[in-house]
Every structure is written in C-alpha cells, then in structure tokens.
Amino acid sequence: MAARGCGGVWRRARQRGVVGPGPGPGPSPRGQRAVVCNARGGAVPAGKSGVAPWIPVVGLEIHAQISSNSKLFSGSQVQFAAPPNSLVSFFDASLPGTLPVLNRRCVEAAVMTGLALNCRINKKSMFDRKHYFYADLPAGYQITQQRVPIAVNGSLSYSLCIDNKMSQMVTKTVRIKQIQLEQDSGKSLHDDTRSQTLVDLNRAGVGLMEVVMEPDMCCGEEAAAAVRELQLILQTLGSSQAVMAEGQLRVDANISVHHPGEPYGVRTEVKNINSIRFLAKAVDYEIQRQIEELENGGTILNETRAFDSKLGCTVPMRDKEGKRDYRFMPEPNLPPLILYDAKSLPANLNHQQVINIDWIQERLPDLPSVKREKLVEQYGILPEHSFALSNEDGLAEFFESVVKQTQMKPKKVIGWILNHLLSYLKQHSLTVKESPVSSFLLADLLNLLEKKEISSTAAKQVLAELWKGEGKTPLEIVKEQKLELLQDQKELEQICQAVIDGQENEVIMMVPG
C-alpha cells in the first residue's frame, strides 16, 4: 500500500513541479521534481488549479542526546551499542519506590545550549509528566518540561546556497521557541520472523534536550541547513555528540501548506528522521504530497507519518496525539529547578552546589559562525571555503595546523585540503581524525611543492602513496620514485643528449633533406 501510494505521487510529480519560497533547490526523491526554494523570495506559482499559489510551512522539533556519563535521573551509565538491558537501574525500569535524582551535567549542557542559541534562561523551570503508553516506556509517562522549560525565545542563524552555488550564500534565521530537558524512552526491537517485539531499556532515561523551532522554514533545504548548523553548535559546545547514525540527534518535522492570506493548513508530523539528507527529502516529499492531495480535492489529516528512505516517501503511522491525550501534570517527585546568575547568587550558598548562568556564559567557546569569520579574516580564504572546513569535524583545525607548518600560502593550502585530502577521506568513508595523512606529512609535501623540488603532478602521486600509510615521508617517496624536478641545466642537457644518442635512427629520419 505504501509503495503504491508513493508511486502515484511520483508519477504526478513528474508531470509538473511545485515551487516554494526560500533558498536554493531542495533534493529530489526518486524522479519527483524538487520543491524549489528561491532565496531571493517571491510568490509561489499556482498549482494546476491555477487559483492561487501555495506556501509551505515547516517547523522542527529536534531531540539531542546530552553528552553525559550517566542518565538524566539515575546513575546508570550511557553507552552506545551496549548489550541489551545491561545499563538499566531500578529507576530506569520504573520499579515501585524509586525516585529521580537530577543530573547536574545535563542541566549545565541545556543552559550552555540555550545561551549559544540566544535563548532566555529561566531561573525557575518545572518538570512535568507526559503520559502515553509504549512497551519501551516502563513508567507509562515521560518526565519532561512542558509548562516552564529551561530556555525560551532564542534564535538560530544558518546559511544556504543561492541556486546551488557555493559562491552565492544567504543567511536566514529561525526562531527557537524553547529548549526542554526530558527523558528518552527505551527501544523496541521488532522480530518479524518470530512475530514478536523485544524491549531494550538501555536508552530509557538517557537525558535529552528537545529544541523546538518555530515554523519559519519552507523547504527541505532550509530545514537541513538549520539542523546542520545546530549539529555543529552542539558538537562545538560538547553538550551533545549529535551523531545522527547513533540516534543522538533525531528530528521531527511539522509540515503544512496554505494559500497566501489564509490560516496555516492542517499539519502532519514526520517522526524520527535520523539523517540530514533524509530530512530534506522527507520535507520536500511531504510538501509535494499535501499539495497534490489538496489540488485533487482531498483533505490533509492531522497525523504522524514516517519517512521510508528506501521508497523515498512518507507513510502514515498513527493519528496525531493532542495535549489532552498526554494528560500533562506536574512531576510530584521533583521540585522546581532553580538557577542563578551573578546578581541573584546568595552569598551563603556553596557555589559548587548551584548552577551559575553567568559562569557558563563566560566559558562558552567560539561558535561555528565565529570560527568561520576568523578563518576568512585570518587566512584570506573565501567564505564558502570556511563553510567547507567547518562542516567536517576537525578539518578546520587540520587546515590551521598545516598552514603553521608550511611555507605555502593559505589560499593554496585550502585547495589541497578540499580538493584532494577531503576527497580521499570521503572516498574511503573516513573522518579527519582517521586520516593516514597527518597535518605534518601534508605540510612536508606542500613545502616540497612550494620550493619547486617537485611538480604538482608529482605531489599528487606522493599524496596517493602517503595515503597507503606505510610510514614513509614525502621526501623518501620522492627519492624512491625519482620524482624530483631537475634544477641543473647541464644535467638536463646530458639527459636529453643521452635520449637522442639512444634513438639515432629516429633522429636521422627527422633530419630534413
């Protein structure tokens, strides 16, 4: 059923395109023409009905796993891919009589993230119970912050390419409604062959930050760019490792479409997207699906959907729950969370037992946007190159290390790193830290090139040899393979003469007359 439904939309999508406001073209799921975002703004062309244009609206809820050694309310260890149910405390299993104890590290991480996202930190926040039944939620409720979250009213700036050109970029801003602390649930493992479901509670109780973004975006590319910038910020802060492949960053996308001047349409929520590329595809597909449905006389259901990455489409999961379904109530076992700043901090309190917002603010590292500006100013590289460096974990530091060790100008170094080293890394699915070519070796190679001891072609050959990780230096490889450039004119003349002498017949044939 899901495959047939997707195919219908794909077939209709091939016949016409849908264009929306915003920046740059979004990805195309399987033959479907992309939702195009125009960074310069402008109206959305009318659909096949010809009545009025459509405006897509996209809001995001992002769950980031807090980087902490223990869970949010228990002392259980946090570890990815541990044996099932090996990291479960009595509280995690919701045994009677167990009580939550708040993890200080998780609170500090949430405050740090809120400050980095320009939020107002609430000095008094509250915990609530959100009731729903899943087999992997032992208590039957989740402890969260629905009424008074830890941080509110922030913003996130992100950049996109215009017309898919890295040299033309535009900066946009999405409002942050709130950041709240909450527990993660366990994990259900479905065994289709035995028709049974197994439950792993290792993840139950792990601390999460839910970042709720206002519906200020309009296409998959905008959503993907905003999440990528947030991911870089979290990794820079160290508040979350934000590795999507390990479920440390999961995105729920709320999507609707409407005509200009009309209220927002009925929204659908696409749950648990675990890839930035899939996020862009899911959002664009869902926008297309809703427009197709409305223009064919149908209605949009307020439902929860999932993105099937193999089929390239969204599929229904269940009806969307409302606040009444969750039966929110104050968490009786946790008092209000009180934070302080320098002005409100009582003199008689032990400073190590409270959380000082100003103290955390003073220790914030440079955020990715600031790092990019510094790279451009300090090394004279292009802005788009600074984005390329910051988008790969550790690549900016690698670049700076090479620049310090080589005589080559930074503008030339950046070309070697982005065009050659980075392509090697992506080809072999390696991170910068896993690169067999260290910054020292690359700098050594570039020094040989800068001194004109080898040619650019020879330098590429040496880099390929360095990639094998055999422990040889660039100079050793150059000598072994005789790749040096000849500087002595007499030696060069002798070589040429030797070649001529060895090919007497050919030389005679070429002599005129």
Side-chain angles (χ1 to χ4, degrees), residues 166-167 374-392 394-512:
M166 282 294 292
S167 58
K374 287 185 176 180
L375 287 170
V376 172
E377 292 174 4
Q378 184 173 351
Y379 300 108
I381 62 176
L382 297 174
E384 54 264 32
H385 291 162
S386 71
F387 276 92
L389 288 176
S390 64
N391 279 341
E392 297 292 331
L395 192 59
E397 292 77 10
F398 189 97
F399 164 74
E400 291 185 290
S401 178
V402 173
V403 169
K404 290 177 182 177
Q405 301 175 77
T406 184
Q407 301 170 8
M408 183 176 282
K409 292 182 179 180
K411 288 183 179 180
K412 290 184 178 180
V413 173
I414 193 72
W416 276 88
I417 287 180
L418 297 183
N419 297 330
H420 303 293
L421 180 76
L422 191 56
S423 64
Y424 272 113
L425 292 174
K426 290 186 175 181
Q427 183 180 348
H428 294 85
S429 301
L430 295 176
T431 64
V432 175
K433 293 179 181 178
E434 296 170 334
S435 171
V437 181
S438 66
S439 60
F440 171 78
L441 288 175
L442 183 59
D444 199 10
L445 171 61
L446 297 183
N447 279 333
L448 293 176
L449 180 60
E450 189 67 13
K451 293 175 184 177
K452 297 183 179 180
E453 294 183 16
I454 58 173
S455 66
S456 177
T457 302
K460 293 175 185 177
Q461 290 180 247
V462 175
L463 183 60
E465 290 296 318
L466 289 173
W467 191 258
K468 296 177 182 178
E470 296 176 350
K472 298 177 183 178
T473 66
L475 186 57
E476 289 172 344
I477 295 171
V478 167
K479 289 183 176 180
E480 282 181 9
Q481 301 193 10
K482 299 180 179 180
L483 297 173
E484 307 99 321
L485 285 175
L486 292 177
Q487 306 293 337
D488 189 332
Q489 185 174 350
K490 289 184 177 180
E491 185 179 354
L492 183 59
E493 289 175 355
Q494 290 174 358
I495 294 173
C496 292
Q497 188 61 51
V499 171
I500 293 172
D501 293 342
Q503 307 291 332
E504 291 183 0
N505 295 333
E506 286 78 0
V507 172
I508 292 172
M509 291 175 63
M510 293 177 63
V511 175

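These numbers were taken from a predicted model, which means no experiment stands behind them. Computed from heavy atoms alone, side chains included, the values below leave out hydrogens, waters and symmetry copies.
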Hits for side chain to side chain donor-acceptor pair (under 3.5 Å) against N391, two or more places apart or cross-chain, chain-then-number order -> none

When you compare the side chain of K433 with that of E397, does any pair of heavy atoms fall below 4.5 Å?
no

In this structure, CG of L421 is separated from CG of L463 (nearest 0.5 Å) by 7.0 Å

Sequence neighbours excluded, the answer for side chain to side chain donor-acceptor pair (under 3.5 Å) partners of T431 is E434

**Asked** Below 4.5 Å, heavy atoms only, C-beta onward: do L449 and V462 meet side chain to side chain?
**Response** no

Treating N447 as the side-chain partner and M408 as the backbone partner, does any N or O pair qualify as donor plus acceptor under 3.5 Å? no

Sequence neighbours excluded, the answer for ring pair (Phe, Tyr, Trp, His ring centres under 6.0 Å) partners of W416 is H420

Check: Do V413 and K409 have side-chain heavy atoms sitting under 4.5 Å apart?
Finding: no

Contacts satisfying ring-ring contact (aromatic ring centres under 6.0 Å, His included) that involve residues 445-469 (not counting sequence neighbours) are Y424-W467, H428-W467

Per-pair distances, 0.1 Å, donor-acceptor, side chain in residues 469-479, under 3.5 Å, sequence neighbours excluded:
from, atom 1, to, atom 2, distance (Å)
K472, NZ, E480, OE1, 3.0
T473, OG1, E476, N, 3.2
E476, OE1, T473, N, 3.0

Closest heavy-atom pair, L441 versus V437, reported as atoms and distance to 0.1 Å, is CB-CG1, 4.3 Å

Sorted by chain and number, sequence neighbours left out, side chain to side chain contact (heavy atoms under 4.5 Å, CB included) with K482 holds for E484

Exercise for the section: State, with a plain yes or no, whether a side-chain heavy atom of S439 is found less than 4.5 Å away from one of F399. Expected result: no

Residues passing the salt bridge (Lys or Arg N to Asp or Glu O under 4.0 Å) test with K411, sequence neighbours excluded, are none

Note: K452 and L485 closest approach over all heavy atoms is O-CD1, 3.3 Å

With sequence neighbours left out, the residues meeting side chain to side chain contact (heavy atoms under 4.5 Å, CB included) with T457 are S455, Q461

So CG of L448 and CD1 of I454: to nearest 0.5 Å the spacing works out to 5.0 Å

Interatomic distance, NZ@K451 vs OG1@T406, rounded to 0.5 Å, equals 9.0 Å

_I'd like to know whether S401 forms a side-chain hydrogen bond (donor to acceptor under 3.5 Å, both in side chains) with Q405, so could you lay out the CA-CA distance, the side-chain angles of the two residues, the decisive distance to 0.1 Å, and finally the verdict._
CA-CA 7 Å; S401 178; Q405 301 175 77; 3.0 Å; yes

Contacts of E465 meeting side chain to side chain donor-acceptor pair (under 3.5 Å) (sequence neighbours excluded), chain-then-number -> K468

For F440, the ring pair (Phe, Tyr, Trp, His ring centres under 6.0 Å) test, sequence neighbours excluded, returns none

Atom pairs and distances, donor-acceptor, side-chain atoms in residues 374-383, under 3.5 Å, two or more places apart:
from, atom 1, to, atom 2, distance (Å)
K374, NZ, D366, OD2, 2.6
Y379, OH, E400, OE2, 3.1

Taken in chain and number order and not counting sequence neighbours, the residues that satisfy side chain to side chain donor-acceptor pair (under 3.5 Å) with S435 are none

d(L418 CG, L395 CG) to nearest 0.5 Å is 6.5 Å

So OG of S390 and NE2 of H385: to nearest 0.5 Å the spacing works out to 12.5 Å

